[in-house]
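Please read the structure below before turning to the comments.
Convention: sequence-line order gives letters A, B, ...; per-chain numbering from 1. Basis for what follows: all heavy atoms, side chains included, without hydrogens, waters or symmetry-related copies.
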Amino acid sequence: MVIDVELLRSDPAKVEENLARRRNPAYLELLARVREKDSLWRVSVREADRLRAARNALGQQIAAARKEGRPVDEMVGASRSAPAALDAAAEAEGRLRRERDDLLRRLPNLLDPSVPYGKDDTENVVVTTWGTPTEPRGPDRPHGEALEALGFAEFERGRRASGAGFYYLRGPLVLLDLALQRFALDLLVARGFTPVVPPFLLRREPYEAVTDLADFEKVMYKIDGEELYLIATSEHPLAALYQGEILDEGSVPLRLAGLSTNFRREIGGHGVDQKGLFRVHQFAKVEQFVFCRPEESTAIHEELRANAEEVFRRLEIPYRVVNVCTGDVGTVASHKYDVEAWFARQRGYREVVSCSNCTDYQARALGIRLGKAGKPGKVVPHTLNSTAVATPRALVAIVEQYQRADGTLEVPAVLRPYLDGRDTLGG
RNA sequence: GCUGAGGUAGCCUAGUCCGGCAAGGCGCCAGCCUUGAAAGCUGGUGGCGGUGACGCCACGGGAGUUCGAAUCUCCCCCUCAGCGCCA
């Protein structure tokens with residue numbers, strides 16, 4: 001996760017102006033420190049290179065002399081004093097480069113000009129609203145209670161077995177969960193996406209390239225005794241799929257539909273309506289992920305957003321789309337839309353989709369470039385990701401809207417083909 | 001888990017025993033040749049710094065020995081094969 005150091009040198013004012021929009025003075029200070037370290041490093045490189053050149057020249061003289069059978073002791077003696085100065089210069093060069101890179105990695109991605117200026121999620125800008133907010137038809141109770149009453153979920157026993165945030169799904173709800181996944185996957189496949197089931201565990205190295213380091217320890221589950229992490233979303237292993245490779249220009253835009261279980265520590269935030277499935281440590285998600293040329297990413301961002309909207313439109317769940325503001329957009333994304341579905345019982349819009357254009361920020365850190373066969377290029381592709389459906393939260397929206405007065409659960413019409421045509425679950 | 005073999009440029013490979021400018025092939029680019037193309041021939045084809053000439057770096061990563069490390073020593077990472085265990 002790095003921005004282009006070349007840009008810091010060629011147009012620092014542009015970078016500074018962009019970072020300023022994030023309303024965090026620490027970034028500007030960070031930028032100044034990166035630039036200072038970079039200047040010092042460039043000086044140190046020249047000095048270290050000069051000493052290395054001298055050493056190499058002497059080494060070659062020794063080699064040549066030895067080859068011709070001339071005595072070399074004198075020359076070896078003379079070059080014996082060289083290492084101390086060189087070691088010091090090389091140490092300084094390496095240290096400055098590491099310091100610069102450590103600081104550089106902490107700089108967030110550059111924001112797209114269309115990102116609205118604002119301090120937090122209250123200042124996100126609504127760009128689209130679809131459907132009319134509905135009233136709950138069923139008993140006025142949180143979805144968790146409704147699901148337990150139907151025998152569709154076990155929250156108490158889930159907590160006992162694995163702790164808060166874990167749950168058992170059972171019976172028809174399992175089938176409904178799978179129906180949602182298959183529905184979203186089919187929709188994406190019809191639009192040119194290739195389904196991918198990625199590894200659910202990822203090494204630290206690629207993980208650091210694709211996420212915000214500051215969030216890392218708060219969000220990720222680590223495997224004890226291994227440098228492996230449970231994935232928080234299939235976005236991460238999908239981004240790492242072509243780590244260190246040259247992507248053929250002819251193969252992009254490359255549209256992938258990730259299907260995975262995701263694991264998040266999600267510390268904090270548990271109100272009454274968040275109990276149950278709203279905020280959990282483990283959930284299934286169908287994800288859209290794209291590698292593309294830089295000039296395509298803005299249009300593809302809209303395409304991913306349209307796909308995500310289509311999922312909820314076909315489920316007939318009202319939603320709105322917000323353009324996430326500068327203070328809420330996060331480190332990795334250059335531009336982000338959230339789709340917020342209508343939750344009938346909560347009488348409010350809640351986030352169900354996050355749709356991001358990460359530009360070259362992830363791909364550069366992963367060492368991915370575009371090129372033709374046999375000819376690697378310098379252009380770094382853009383990566384984009386968007387939820388298609390994260391099932392637990394979608395299930396909550398469905399329960400809040402589709403539960404009937406008698407407590408049974410109506411199946412959204414679009415999911416019935418995946419449930420042997422059934423239109424009702426429970427009862 | 002045990003044993004063994006490996007990691008060299010976009011790809012494939014040599015060099016490692018015995019330390020001295022990383023050789024060759026494929027692909028790609030350009031030029032020559034050609035009516036055109038292919039073949040053939042010639043040159044080029046990584047990263048960093050430098051306006052530039054040029055220099056430095058790069059053989060999985062790190063440390064060490066040495067005037068000098070792809071090559072010797074140590075630590076670590078990863079891959080593959082065989083055996084074992086296992087859904």
Side-chain angles (χ1 to χ4, degrees), chain A residues 2-10 34-105 197-209 222-229 237 240-252 254 261 291 293 360 363-381:
Chain A
V2 281
I3 61 178
D4 189 358
V5 70
E6 197 54 47
L7 188 62
L8 296 192
R9 294 173 188 163
S10 63
V34 172
R35 294 192 60 211
E36 189 197 345
K37 288 291 181 196
D38 188 47
S39 299
L40 292 171
W41 173 74
R42 289 160 84 179
V43 172
S44 75
V45 163
R46 299 183 71 163
E47 175 62 8
D49 281 359
R50 188 181 62 79
L51 291 167
R52 286 193 190 104
R55 179 201 64 188
N56 292 347
L58 218 77
Q60 282 175 35
Q61 283 174 34
I62 292 170
R66 179 167 290 163
K67 205 172 179 181
E68 295 166 14
R70 286 187 278 123
V72 296
D73 289 0
E74 196 180 326
M75 281 187 279
V76 170
S79 60
R80 214 162 251 160
S81 59
L86 176 55
D87 285 352
E91 190 280 329
E93 187 264 335
R95 176 173 44 79
L96 286 164
R97 178 170 37 78
R98 277 191 302 276
E99 286 173 356
R100 180 199 67 183
D101 289 347
D102 285 347
L103 295 168
L104 185 63
R105 265 190 287 274
V197 175
F200 292 3
L201 282 75
L202 201 60
R203 289 193 186 127
R204 187 177 184 103
E205 186 195 13
Y207 231 118
E208 287 185 341
K222 185 176 187 304
I223 303 297
D224 191 34
E226 311 252 358
E227 284 295 309
L228 282 173
Y229 295 81
L241 178 58
Y242 298 110
Q243 184 183 14
E245 293 191 41
I246 310 298
L247 267 188
D248 193 291
E249 286 173 349
S251 70
V252 297
L254 183 62
T261 305
F291 292 97
R293 297 162 198 267
D360 60 9
R364 179 174 298 105
L366 287 164
I368 303 172
R369 287 174 294 165
L370 290 173
K372 286 189 196 116
K375 193 188 176 190
K378 289 189 175 183
V379 175
V380 177

What's the gap between [N] and [M] when it is taken at their [atom1] atoms, as a whole Å value?
{"N": "B:C80", "M": "B:U71", "atom1": "P", "value": "25 Å"}
{"N": "B:C28", "M": "B:C11", "atom1": "P", "value": "15 Å"}
{"N": "B:C59", "M": "B:C21", "atom1": "C1'", "value": "15 Å"}
{"N": "B:A14", "M": "B:G7", "atom1": "P", "value": "8 Å"}
{"N": "B:G60", "M": "B:U51", "atom1": "P", "value": "33 Å"}
{"N": "B:A38", "M": "B:C33", "atom1": "P", "value": "15 Å"}
{"N": "B:G84", "M": "B:G4", "atom1": "C1'", "value": "15 Å"}
{"N": "B:U13", "M": "B:U8", "atom1": "P", "value": "8 Å"}

Name the pairs: protein N/O against N/O of nucleotides 17-23 of chain B, kept only if under 3.5 Å.
unit_1	atom_1	unit_2	atom_2	d
B:G20	O6	A:R66	NH1	2.4
B:G20	N2	A:G59	O	3.1

Nearest 0.5 Å, please: how far is CD in A:E36 from CD in A:E99?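 One finds 10.0 Å between CD of A:E99 and CD of A:E36.
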
Approximate separation, where rounding is to 0.5 Å, of A:E249 CD and A:L247 CG: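 A:E249 CD to A:L247 CG: 10.0 Å, rounded to 0.5 Å.
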
With sequence neighbours excluded, what pairs up with [X] under the side-chain contact (heavy atoms from CB on, under 4.5 Å) test?
{"X": "A:L7", "result": "A:D4, A:S10, A:D11, A:V15, A:L110"}
{"X": "A:A65", "result": "A:R70, A:V72, A:M75"}
{"X": "A:L241", "result": "A:L256"}
{"X": "A:Q60", "result": "none"}

Please indicate whether A:E91 has more than 12 foreign heavy atoms, meaning atoms of other residues, nucleotides or ligands, lying under 6.0 Å from its CD.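 Yes.
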
Give the table of side-chain donor-acceptor pairs shorter than 3.5 Å for residues 40-52 of chain A, with sequence neighbours excluded, one pair per line with atom names and distance.
unit_1	atom_1	unit_2	atom_2	d
A:W41	NE1	A:E93	OE2	3.1
A:S44	OG	A:W41	O	2.7
A:E47	OE1	A:R50	NE	3.3
A:E47	OE1	A:R50	NH2	3.4
A:E47	OE2	A:R50	NH2	2.9
A:D49	OD1	A:R52	NH1	3.0

Among all residues two or more places apart in sequence or in another chain, which pass the side chain to side chain donor-acceptor pair (under 3.5 Å) test with A:D102?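 Only A:R105 meet the side chain to side chain donor-acceptor pair (under 3.5 Å) criterion with A:D102.
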
Any residue meeting side chain to side chain donor-acceptor pair (under 3.5 Å) with A:R9, in chain and number order, not counting sequence neighbours: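 Here the qualifying residues are A:D38.
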
Partners passing ring-ring contact (aromatic ring centres under 6.0 Å, His included) against A:F291 (at least two apart in sequence or in another chain):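 For A:F291, the residues satisfying ring-ring contact (aromatic ring centres under 6.0 Å, His included) (neighbours in sequence not counted) are A:Y242, A:F289.
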
Examine distances only and state if a side-chain atom of A:R204 and a backbone atom of A:E227 form a donor-acceptor pair shorter than 3.5 Å.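 Pair absent, no side-chain N/O of A:R204 close to backbone of A:E227.
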
Decide yes or no on side-chain contact (heavy atoms from CB on, under 4.5 Å) for A:V380 and A:I368, but give the supporting numbers first. CA-CA 6 Å; A:V380 177; A:I368 303 172; 5.9 Å; no

Nearest whole Å is fine: how far is [N] [atom2] from [X] [atom1]?
{"X": "A:R52", "N": "B:A58", "atom1": "CZ", "atom2": "P", "result": "8 Å"}
{"X": "A:E205", "N": "B:G62", "atom1": "CD", "atom2": "C1'", "result": "14 Å"}
{"X": "A:I246", "N": "B:A9", "atom1": "CD1", "atom2": "P", "result": "12 Å"}
{"X": "A:N56", "N": "B:A58", "atom1": "CG", "atom2": "C1'", "result": "13 Å"}
{"X": "A:D87", "N": "B:G68", "atom1": "CG", "atom2": "P", "result": "8 Å"}
{"X": "A:D101", "N": "B:G61", "atom1": "CG", "atom2": "P", "result": "16 Å"}
{"X": "A:L86", "N": "B:C56", "atom1": "CG", "atom2": "C1'", "result": "11 Å"}
{"X": "A:E93", "N": "B:A58", "atom1": "CD", "atom2": "P", "result": "10 Å"}

Indicate yes or no: does A:E245 engage A:R369 in a salt bridge with an N to O separation below 4.0 Å.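 Answer for the salt bridge query: no.
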
Check nucleotides 72-78 of chain B for protein N or O atoms closer than 3.5 Å to its own N or O atoms and list the pairs.
unit_1	atom_1	unit_2	atom_2	d
B:C78	O3'	A:R203	NH2	2.4

Give each protein N/O atom lying under 3.5 Å from an N/O atom of nucleotides 48-52 of chain B, with the pair distance.
unit_1	atom_1	unit_2	atom_2	d
B:G49	OP1	A:R9	NH1	2.3
B:G49	OP1	A:R9	NH2	2.9
B:G50	OP1	A:R42	NE	3.1
B:G50	OP1	A:R42	NH2	3.0
B:G50	OP2	A:R42	NH2	3.4

Proximity to the side chain of A:P376 - top-ranked nucleotide from B:G10, B:C29, B:C56: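 The answer is B:G10, which lies nearest to the side chain.
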
Secondary-structure stems, RNA chain B, at least 3 Watson-Crick or G-U base pairs under 3.5 Å: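 When the pairs of RNA chain B are grouped into runs of at least three, the stems are B:1-7 with B:77-83, B:10-12 with B:24-26, B:27-32 with B:40-45, B:46-49 with B:54-57, B:60-64 with B:72-76.
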
Which atoms form the tightest heavy-atom contact between A:P199 and A:P237, and what is the distance?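 Answer, listing the atom of A:P199 first, then A:P237: O-CG, 3.6 Å.
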
Taking OP1 and OP2 of B:C57, is either one under 4.0 Å from a side-chain nitrogen or oxygen of A:R55?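 Yes, within the criterion.
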
Tell me which of A:R98 and A:A53 sits closer to the 5' end of RNA chain B, going by the nucleotide each one is nearest to.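 Result of the comparison: A:A53.
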
